[in-house]
Amino acid sequence: MTEGLGSWKRTHTCGALRAADAGTTVTLMGWAHRRRDHGGLIFLDLRDRTGLTQCVFNPAASAAAHGRAEAVRGEFVLAVRGAVARRPDGTLNPKLATGEIEVHASELRILNEARALPFPIEDEVEVDELVRLQYRYLDLRRPSLYRNFALRDAVCRAVRDHLHGHGFLEVETPFLTRSTPEGARDFLVPSRLSPGSFYALPQSPQLFKQLLMVAGFERYFQIVRCFRDEDLRKDRQPEFTQIDIETSFLGRDDFLALVEGMVAEVLRRVHGVEVAAPFPRLTYGEALARYGSDKPDTRYGLELADVTALFRGAAFQAFARVVEAGGVVKALRVPGAGGLSRKEADDLVTAARSYGAKGLVWVKVTPEGLASPVAKFLEPVRPALLEALGAGVGDLVLLVGDAMPTAALVLGRLRSDLAQRRGLVPTAGYALLWIVDFPMFEWSEAERRWQAMHHPFTAPRDEDLPLLEGRPAEALAKAYDLVLNGQEIGGGSIRIHQQAIQQKVFELLGIGKDEARAKFGFLLDALEFGAPPMGGIAFGLDRLVAILAGEESIREVIAFPKTQKGSDPMTEAPAPVSPAQLRELGIGVLDLGKDR
RNA sequence: GGGCUCGUGGUGCAGCCUGGUUAGCACACUGGACUGUCAAUCCAGAGGUCGCGGGUUCAAGUCCCGUCGAGCCCGCCA
């Protein structure tokens with residue numbers, strides 16, 4: 001019953017025809033979106049990626065075409081030939097771009113049939129994500145999802161055009177490379193030619209892009225897949241895409257200006273939005289103090305306050321001891337939230353604990369005074385506390401006493417939880433923000449050693465170089481993150497381009513001379529052969545596109561994403577391989593059984 | 001590694017708390033009717049290992065334990 005295209009050529013897409021086309025004979029191709037069979041007349045909405053066109057089959061006009069249309073079912077692939085006609089008065093459909101016209105079909109070819117679908121091809125149908133992923137090729141037929149990929153394409157094109165226009169070269173770097181210490185868990189690939197040895201898939205092209213700068217390429221970029229074997233989230237996939245950029249001979253501010261131009265170009269081209277450059281900047285210390293986050297959403301207020309001084313030697317022992325030990329007391333005033341129930345208050349305490357706080361003090365400001373489990377201890381500082389926060393009757397005040405940065409981070413997360421729950425987050429608009437002056441190192445209590453906050457190749461600020469001897473905790477880095485609406489969309493730094501400083505940083509990170517030589521020898525060598533000053537950034541493309549598309553999850557902007565367990569329900573990857581394949585690679589699989 | 005939520009015809013859900021008729025509804029699907037619909041309408045029909053395994057009970061979709069899968073979160077993600 002199905003047939004080929006023959007000599008037919010598609011003349012128009014299904015989203016193209018307008019009233020002005022009335023009278024032309026056209027050939028459309030696409031999928032049978034919906035069929036309305038009136039016994040005599042059959043209406044058939046033909047869909048391609050551009051839209052819908054109503055085709056009318058009239059037995060009086062063409063009995064053959066009408067006969068074939070009777071057999072058409074959902075998602076059959078069709079070619080329709082006929083004359084464009086203005087729709088009769090009263091039958092125009094304002095919901096369709098093509099709603100002023102219809103095609104009076106004279107010929108119909110059924111190019112392929114389709115089984116009954118597991119779910120309808122419609123926007124806003126709620127289908128279990130597992131089923132969507134099993135039939136992803138059907139899921140992707142939904143117009144809203146197609147739009148996400150058109151948007152993703154437009155973002156990539158804007159990035160490429162902008163960077164090419166500024167002298168950048170797109171260069172590919174290896175996927176099969178070597179495992180490096182620090183950072184995320186590596187995906188490993190066994191080597192057949194060197195049994196027992198493994199490649200690692202890159203967590204990012206970090207080292208290679210620096211080597212391209214040593215090579216004198218000056219301006220490099222790549223839209224490139226990166227791999228990290230960590231647990232998944234709605235904004236984290238094991239393979240994801242970065243816009244990776246590196247430049248030579250640019251200081252931090254010149255580089256940031258260049259990046260701002262690119263981001264502005266993207267927003268202009270995909271959304272027609274003009275953003276003002278330079279973007280606002282906040283130091284890491286300020287962001288932490290004011291918002292309790294290194295990626296604050298500045299579209300709403302709810303800033304934190306520091307009330308440490310009020311609790312020094314205070315009656316409230318829990319806080320007094322924290323202050324004594326060098327900790328801080330941070331406060332968050334939530335205007336008009338004083339009406340929360342006991343359960344809501346308890347939930348806040350539970351959340352605060354899960355975020356790492358030892359506890360959370362909540363205070364309702366009522367006409368009768370303070371309502372709180374610890375109200376009587378707070379009474380002595382009540383006037384000072386209310387004044388410091390500008391709090392009044394009806395407000396809720398949250399207090400966390402702890403070491404920095406814990407106290408601020410806990411309140412920062414409660415701040416964003418509460419803003420969301422109370423509907424304070426604007427749904428439109430873009431708040432772009434640079435966070436700068438990150439610390440070079442953070443202390444890992446678990447490993448009892450310093451860790452690089454950004455990565456081990458990040459340069460310290462010139463004025464902080466001396467701090468590397470003895471006071472590394474105070475050294476700040478030439479690192480920067482770009483934050484969009486409270487999400488980190490990019491991060492980078494000016495790199496160390498002098499071997500001696502790189503060696504010193506490795507030392508502080510507990511990477512000994514021999515280990516550094518063994519794992520990064522090629523980089524250390526390169527730094528001795530005339531490395532230019534360099535710096536760069538990497539954007540999380542998936543996150544950026546998800547935000548621009550208004551999607552919660554990056555899975556909505558990745559064509560074939562993985563589930564939270566890292567599997568693909570369609571291909572059923574990962575899957576076991578044959579013993580022969582393993583033998584060839586010199587690999588045996590351990591039986592880890594129940595209790596590994 | 002841990003916490004929470006979910007799993008019932010193809011899809012989305014109800015039934016579970018308080019065990020006991022033939023597991024119900026909507027959409028999709030199949031057949032029929034219908035010449036202006038656009039979520040077409042009307043009539044009829046088919047379709048279920050209630051994720052899987054075990055237990056309690058006279059009796060389990062329902063209660064208990066385990067397990068698998070999905071989602072969200074904590075840890076993790078330089």
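Residue numbering restarts at 1 for every chain, and letters A, B, ... go by the order of the sequence lines. Just so we're clear, the structure is a prediction, and the values are computed from it rather than from any experiment.
Side-chain polar atoms of A:Gln206 and A:Gln210 form a donor-acceptor pair below 3.5 angstrom. Inspection of the A:Tyr355 and A:Arg413 side chains reveals no N or O donor paired with an N or O acceptor under 3.5 Å.
At B:A70, one or more side-chain N or O atoms of A:Thr563 fall inside 4.0 Å of OP1 or OP2 (strictly under the cut-off). For B:C74, one of the phosphate oxygens OP1 or OP2 lies less than 4.0 angstrom from a side-chain nitrogen or oxygen of A:Arg233. Between B:U37 and A:Arg36, no contact under 4.0 Å exists linking OP1 or OP2 to a side-chain N or O.
Nucleic acid contact class of A:Gln451 (heavy atoms, under 4.0 Å, all strands): none. A:Asn93 comes within 4.0 angstrom of a nucleotide base, judged by non-hydrogen atoms across all strands. Note on A:Thr458: nothing from the nucleic acid sits closer than 4.0 angstrom, heavy atoms only. A:Arg555 comes within contact range of the sugar-phosphate backbone alone, with a heavy-atom separation under 4.0 Å but no base atom that close. Counting any heavy atom pair closer than 4.0 Å across all strands shown, A:Asn58 reaches a base atom. Heavy atoms of A:Glu102 sit under 4.0 angstrom from at least one base atom. Residue-level contact check: A:Thr91 touches the bases, meaning some heavy atom is under 4.0 Å from a base atom.
Within a 6.0 Å sphere centred on CZ of A:Arg36, other residues, nucleotides and ligands contribute more than 12 heavy atoms.
Pairing of B:U18, defined by two Watson-Crick or G-U wobble distances under 3.5 Å, is not identified with any nucleotide. Pairing of B:U56, defined by two Watson-Crick or G-U wobble distances under 3.5 Å, is not identified with any nucleotide.
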Practice prompt. Go through A:Lys295 and A:Asp481 one step at a time and tell me if the side-chain contact (heavy atoms from CB on, under 4.5 Å) criterion holds.
Written response: CA-CA 8 Å; A:Lys295 42 177 194 289; A:Asp481 278 359; over 6 Å; no

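Where A:Pro120 and A:Asp45 meet RNA chain B, the nucleotide closest to each residue was compared, and A:Pro120 sits on the side nearer the 5' end. The nearest heavy atom of RNA chain B to A:Lys95 and to A:Val131 marks one nucleotide each, and the one closer to the 5' end goes with A:Val131.
The side-chain hydrogen bond (donor to acceptor under 3.5 Å, both in side chains) analysis of residues 125-137 of chain A, with sequence neighbours excluded, yields the pairs A:Glu129-A:Arg555, A:Arg132-A:Asp139, A:Arg132-A:Glu556, A:Arg136-A:Asp139.
Between A:Phe255 and A:Tyr480, the two ring planes are tilted [angle within 30° to 60°].
Atom CG of A:Leu44 and atom P of B:U37 are 17 Å apart (whole Å). Regarding A:Asp128, its CG atom lies at a distance of 14 Å from the P atom of B:G51, rounded to whole Å. Rounded to an integer number of Å, the gap from A:Asp231 CG to B:C77 P is 11 Å.
For A:Thr427, the side chain to side chain donor-acceptor pair (under 3.5 Å) test picks out no residue, with sequence neighbours left out.
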Practice prompt. Any chance you could list the contact pattern along nucleotides 42-49 of chain B? Use B for base contacts, S for sugar-phosphate-only contacts and - for none, protein heavy atoms under 4.0 Å, 5' to 3'.
Written response: --------

